Amino acid sequence: VAIAHLTAAPPAASGVAPRGWVNKELDDLLAKLLGKTPGARLKDIGAVIEALEPAAKKDAAKEEEKKGIADEDLNDRVDLLLADPTDGQAALSLESAIELGADPSKVAEAFSIAADQIEEGESEADKFKAKEFKKAILFRAARIYESNVKDLEKAEGVYQSLLELDPDDDITFAALEEIRKNLGKHE
């Protein structure tokens, strides 16, 4: 084992870590840092910083790309959803704004407002359809609060509203229990 430690190259981190966690650039950097001979390793901290800079600039460029949605565009997407909360395309467009850099709190709040605007209808079929649309919109809001905003209290509130809307929904119940567990409220 000691000889292998001195002579054998370690396995690539991407081969050991969960898929997608380690990219090729990090694999290459780790190989340079763990080289078995002094000539294969980076010389000093300056060389390490130089090796890290291109990756940092690439990440910064990605962040700049994410900030590519203007407030006016976000407001237009919100207005489209509020004009017709049952429009699945408008909901998808608004949710995708998060990937473009929109504030996820504003997007989640827009979904909550849109859910409140869905009218029940008169027939049983209309009432059922309205309830399902409202649930779909509220699920989006809850998921955004939970995953993007990381505001478990607001996610809990939305899941609670969903459970009031449909007390027999096992998925909502399980999600609410998980949120409460993460908040330390689980018994």
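Nothing fancy with the numbering, it's 1 onward along the sequence. Because the structure is a prediction, the values reported are computed rather than measured.
Salt-bridge formation is not detected for the pair E120/K131: no Lys NZ or Arg NE/NH1/NH2 atom is positioned less than 4.0 Å from an Asp or Glu carboxylate oxygen. Residues K129 and E132 are not paired through a salt bridge, judged by the lack of any N-O separation under 4.0 Å between the basic side chain and the carboxylate. With respect to E95 and R143, a salt bridge is recorded, a charged nitrogen being found less than 4.0 Å from a carboxylate O. The pair K32-D28 does not meet the salt-bridge criterion, since no charged nitrogen lies less than 4.0 angstrom from a carboxylate oxygen.
Connection of V16 to W21 is not established within any shared hydrophobic cluster, with ILVMFWY side chains joined at heavy-atom distances below 4.5 Å, either directly or through further cluster members. At a threshold of 4.5 Å between side-chain heavy atoms, the hydrophobic network of Ile, Leu, Val, Met, Phe, Trp and Tyr places F133 and L82 in one connected group. A continuous path of hydrophobic side-chain contacts links L183 to V149 [ILVMFWY only; heavy atoms under 4.5 Å]. No single ILVMFWY cluster, assembled from side-chain heavy atoms under 4.5 Å apart, contains both F128 and L165.
Within the 4.5 Å cutoff, side-chain heavy atoms of K185 are placed close to those of E156. The closest side-chain heavy-atom distance from L26 to N23 is below 4.5 Å. Considering only heavy atoms from C-beta on, D169 comes within 4.5 Å of F139 through its side chain. Looking at heavy atoms from C-beta onward, K36 lies out of side-chain contact with T7 at the 4.5 angstrom threshold.
Considering CD1 of I179 and CG of L152, their distance stands at 5.0 Å, rounded to 0.5 Å. The structure places CD of Q89 at 11.5 Å from CG of L81, a figure rounded to the nearest 0.5 Å. In this structure, CG in L42 is found 11.0 Å from CD1 in I49, a value given to the nearest 0.5 Å. Taking CD1 of I171 as the reference point, atom CG of L176 lies at 13.5 Å (rounded to 0.5 Å). With values rounded to the nearest 0.5 angstrom, T172 atom OG1 is found 10.5 Å from Q160 atom CD. Atom CD of E146 sits about 7.5 Å away from atom CG of N182, to the nearest 0.5 Å.
Summarising the local packing, CG of D71 is surrounded by 12 or fewer heavy atoms from other residues, nucleotides or ligands at distances under 6.0 Å. Other residues, nucleotides and ligands contribute over 12 non-hydrogen atoms within 6.0 Å of the CG atom of L34.
Pairing each heavy atom of F111 with each of A141, the nearest pair is CB-CB, 3.8 Å. Of all heavy-atom pairs spanning A114 and I137, the tightest one is CB-CG2, 4.3 Å.
Between the side chain of S96 and the backbone N or O of S93, at least one donor-acceptor pair lies under 3.5 Å. A donor-acceptor contact shorter than 3.5 Å links the side chain of D27 to the backbone of S14. For R41 (side chain) and G35 (main-chain N/O), a donor-acceptor pair under 3.5 Å exists by modelled atom type.
Screening V78, N148, L94 against V107 for a side chain to side chain contact (heavy atoms under 4.5 Å, CB included) leaves a single residue, L94. Screening D166, L162, I118 for a side chain to side chain contact (heavy atoms under 4.5 Å, CB included) with K134, the sole residue that qualifies is I118.
Between the side chains of Y145 and E153, no donor-acceptor pair of N or O atoms lies under 3.5 Å.
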- Show your working on side chain to side chain contact (heavy atoms under 4.5 Å, CB included) between L52 and L29 and close with a plain yes or no. CA-CA 8 Å; L52 290 173; L29 176 62; 3.2 Å; yes
